[in-house]
Amino acid sequence: MSSTRKGFFVDLDRCIKCHACEIACRVWNGINVPSYRTIIEIESGTYPFVERTNVSIACMHCEEAYCMAACPAKAIYKREDGVVLVDSEKCLGCRLCSWACPFGAPKYGSDLKMQKCTFCNDRPDWMPRACEEACPTGAIVAGTISYLEKIIKERKVKRIASQIKGKRAFMYILP
Amino acid sequence: MEMPEKLSGAKVAKSICGVCPFRCSIEAYVKDGKLIYTRGNPENPNTKGKRCVKGFASIWFAYDPDRLKYPLMRIGERGEGKFKRISWDEAFTIIAEKLKEIKEKYGPEAVVSLDHVQGCTWHYKNFLYLLYGTPNIYDHTAACDGTFTTACISIFGSFWGIEDYANSKYILIWGKEPFEAPRIVGFLQGLMEAKDKGAKLVVVNPRLSKTAEKADEWIPIKPGTDGAMALAMAKTIIDEELYDRDFIEKYCYGFDEFRRHLEEKGYTPEWAEGITGVSASTIRRIAREFATTKPAVSSAYHGFACYTNAFDAMRAVLLLNVLTGNVDKPGSFLLVGSPGGLEPPLKPPFRVPEDKIAKINKPSLRETLGFVLAPDFPTALLPKVILEGKPYPVRALILSQVNPIMSDANTKLWIEAFKALDFIVAIDIYLSETAMYCDIVLPDACYFERYDILQGFNHAPMVLYSEPAIPPPGEAKPIYEIVRGIAEKMGYGEYFNWKSEEDWMRNMIEGLPFTLEDLKQKGFWIGEPQYKKYESGLKTPTGKIEIYSVLVEVAGYNPLPEYKPPAVMPDEKYPFRLISARMPFQSNLVTQNIPMLADIEGENWAEINSKDAEKYGIKTGDYIIIESPLDSITVKAKVTEGIVPGVVALVHGFGFGHWGMGKVAKGRGAHINRLIDTHIDPVSGTIAYNECKVRVRKA
Ligand code: SF4
Ligand code: SF4
Ligand code: SF4
């Protein structure tokens, strides 16, 4: 993975499923946009030995993006820094990308086109992404892979899930 | 630094969030007259540029088409929701006349005012108290912090306490939810920081809450029995001589009495095990760990306080800090404010000369009904007072930013009481369920649309400033303008003749070590934190930390905390205990009309242990009927391992089931308060929302 590529690191030790990331994203990108983030909760164990893990998921900006491959109109493209974007001029709204994406990241918008995380492409680099800015616990870190790796080292992360099939840019701490 | 296109050239207003009572200092960005972006005030140590999810979502208040825009007068039956638009002048005239009439006929105390501490209530309270002369001005304390505040005042002579999580090494949390009810972001960041530094987090809660999920240890406890565990821990700490002898000798009052009391009552871990369902060995171990790890902090809040025995339980939990010397030092339980409230003291926005101050005719309902220690009147008792006319008649209500028909227990009784009143005014941003029962409804400005000065919830004294980012919608007015309009009609105009809001804001901060200009520039002022305030004497009767509370004794209650079982216990007919929990992204009854939030969870749900669910054939997603002796509701079920068997938890039970408010909120989910009968903690007056037994079946 090239280290200048961008992606997210989500620290599952920290995510509390408060949805601040999701809401801040919607406020920033327009209240009418669909949710680019989904926060899921996984429970395991039996009472009273129970564990729950929360994960905030958005587009992973995959290295080899299934959505791109699936798009018949070639509306989905990858920027040099790895960010995957939808060109709504070209998008047909056929939703094939959404089915191809393992995370269901592209959503059908009110403009009848597919919409997804843009990595807040209207924010300059010095500014945190809206989701990252809002997250109260520091669970979301966004940036270049080398930056993410630095944070991961700092937080003395024990287990990382990353690069499913070697093609993804996301990283999770597994508790 | 280059700003994104969206923000470049935007005007930034300093503001105070008014969604929950915790008053985060924020910045609101306005461009082309539109509110486009908000964030926590980056300079404020509690927000550091962040705010919680509810706060972010509340930008919708600026857009919501369901906001009230004009004064309304009721034309249908109470509750029917039929109103006609009237002018402000008509509204002020009607209110002034009615208030005069009631004062003449019954006395000013027949007018009761309820408001919420979210802000901007100074003019309103001072007008009603100083000029009109009713002593019956109450806020939401009985539904919220009453138990905590009363316990803090009785032990420490301080209004409030804050846990210094960030510097703590052992954090014991009882029914308080930094992660599930995220408030001031700085507090929960402190908790994360403590965890990063290796602090141990122990959460005592009948439910695996969002905070319990992150804990090193979740201690599932039977609801309403925490006091027993805390007392048994105290006994262990004393018996094993793990207490801070020096600290207790120097700064505390009544240790020996407490030791004897625990002995006489036999509050052993074995005794507590039978009550709490937590093993004696666990109680001993947690007590030892807590007492030997320094600094440590033990604290509780609202969920814990929803029982009739909560005041003593709260005292017991806070006394664990006292026994171990974990008071007002970094990493411990920090003392905030004085018995009168938060610091520094703000002054009234307008002055009334001594001889013009209205004479109080009769003492307040709070005093008359014997709640001398309670910071507020137990509003749960108000319907009875109204319906029976005892101890004296209450004929009118003035309601600001409150919705008691939904927020208080026993919905039916409240509705009955509302129907019996002569006159009711609601000031709100929505046509709430309560507003639907009112005679006059006035459109309020939301927090983006007004000036305000408030104290912050913080260890070091803090004052916050708010200026309007945008104008209110339609003809809506901030409350100080509403009060001015009513006051003028009643002949009190001279006190409200400010030329600009700055005039009254300057009055409020008079004598404080900063200027209005300082506030405007930064959005807040913060003083120096003071630790170990007990060294120079506290504002308790003895000046010491009172393990044995003189105040409580004088009030006629046991000066030492004892354990009493909850008032309502499950039985054969109603085998479950009903408790409420929260969605992190909803604030009580305030945020349900925000579409973004409704998209996350469209309705509330009931959590039930898998063993119980199996017995009743309930699966996640099924609708179930929850029935109490009072009423029943239908709600979605979620089967989980993370709850004590025999308990049903309604998640955000007090915020859903709106039948008013707005198009988004209406008809979603179920409302818990119709199931709950009137119970209060007798000392603090706090509403015992969790004193409820229910049965369940598949719908
Ligand atoms: S804001 Fe942070 S803690 Fe909250 S859900 Fe998103 S990632 Fe999790
Ligand atoms: S990076 Fe921006 S667009 Fe993507 S999820 Fe975060 S806030 Fe939304
Ligand atoms: S905690 Fe959230 S809702 Fe409460 S004042 Fe702060 S931003 Fe507003």
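Chain A is the first sequence line, chain B the second, and so forth, proteins listed ahead of strands; every chain is numbered from 1.
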Run the salt bridge (charged side-chain N to carboxylate O under 4.0 Å, His left out) check on B:Glu601 and B:Lys636 step by step: do they pass? CA-CA 12 Å; B:Glu601 292 288 353; B:Lys636 219 160 56 176; 5.3 Å; no
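- A donor-acceptor pair under 3.5 Å is formed between the side chain of B:Trp218 and the backbone N or O of B:Asn205.
- Contact annotation for B:Leu7: only side-chain heavy atoms (C-beta onward) come within less than 4.5 Å of a heavy atom of chain A.
- Taking the six-membered ring where the residue is Trp, B:Phe585 and A:His19 present perpendicular rings, their angle passing 60° and hence far from 30°.
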Applying side-chain contact (heavy atoms from CB on, under 4.5 Å) to B:Val19 and B:Tyr447, what does each step give before you reach the verdict? CA-CA 8 Å; B:Val19 174; B:Tyr447 72 91; 3.8 Å; yes
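- For A:Cys25, no part sits under 4.5 Å from any heavy atom of chain B, backbone or side chain.
- Here A:Arg26 contributes atom CZ and A:Ser35 contributes atom OG; the two are 4.0 Å apart, rounded to the nearest 0.5 Å.
- Interface residue B:Met596: backbone and side-chain heavy atoms are both found under 4.5 Å from chain A.
- In this structure, chain B has a heavy atom under 4.5 Å from the side chain of A:Glu43, while its backbone stays farther away.
- Between atom CD of residue B:Glu607 and atom CD of residue B:Glu641 there is a gap of 12.0 Å, rounded to the nearest 0.5 Å.
- The contact between A:Lys17 and chain B is made by backbone and side chain atoms together, counting heavy-atom distances below 4.5 Å.
- Panel note: side chain B:Lys200, backbone B:Asp216; no donor-acceptor pair is recorded below 3.5 Å.
- Interface summary for chain A: among B:Ile59, B:Asn609, B:Ile600, B:Ile36, the most heavy-atom pairs under 4.5 angstrom belong to B:Ile600.
- The pair B:Glu193-B:Lys197 meets the salt-bridge criterion, with a side-chain N (NZ, NE, NH1 or NH2) lying under 4.0 Å from an Asp/Glu carboxylate O.
- Neither the backbone nor the side chain of B:Thr211 has a heavy atom closer than 4.5 Å to any heavy atom of chain A.
- Per-residue heavy-atom pair counts under 4.5 Å with chain A were compared for B:Lys54, B:Met3, B:Lys6, and the maximum is reached by B:Lys6.
- Both the backbone and the side chain of A:Trp28 have a heavy atom closer than 4.5 Å to some heavy atom of chain B.
- For B:Ile643, the part lying under 4.5 angstrom from a heavy atom of chain A is the backbone only.
- Among the candidates A:Ala130, A:Ala24, A:Pro48, A:Ala134, the residue making the largest number of heavy-atom pairs closer than 4.5 Å to chain B is A:Ala134.
- For a residue to count as touching a neighbouring chain, one of its non-hydrogen atoms must lie under 4.5 Å from one of that chain's; by this rule B:Leu188 touches chain A with the side chain only.
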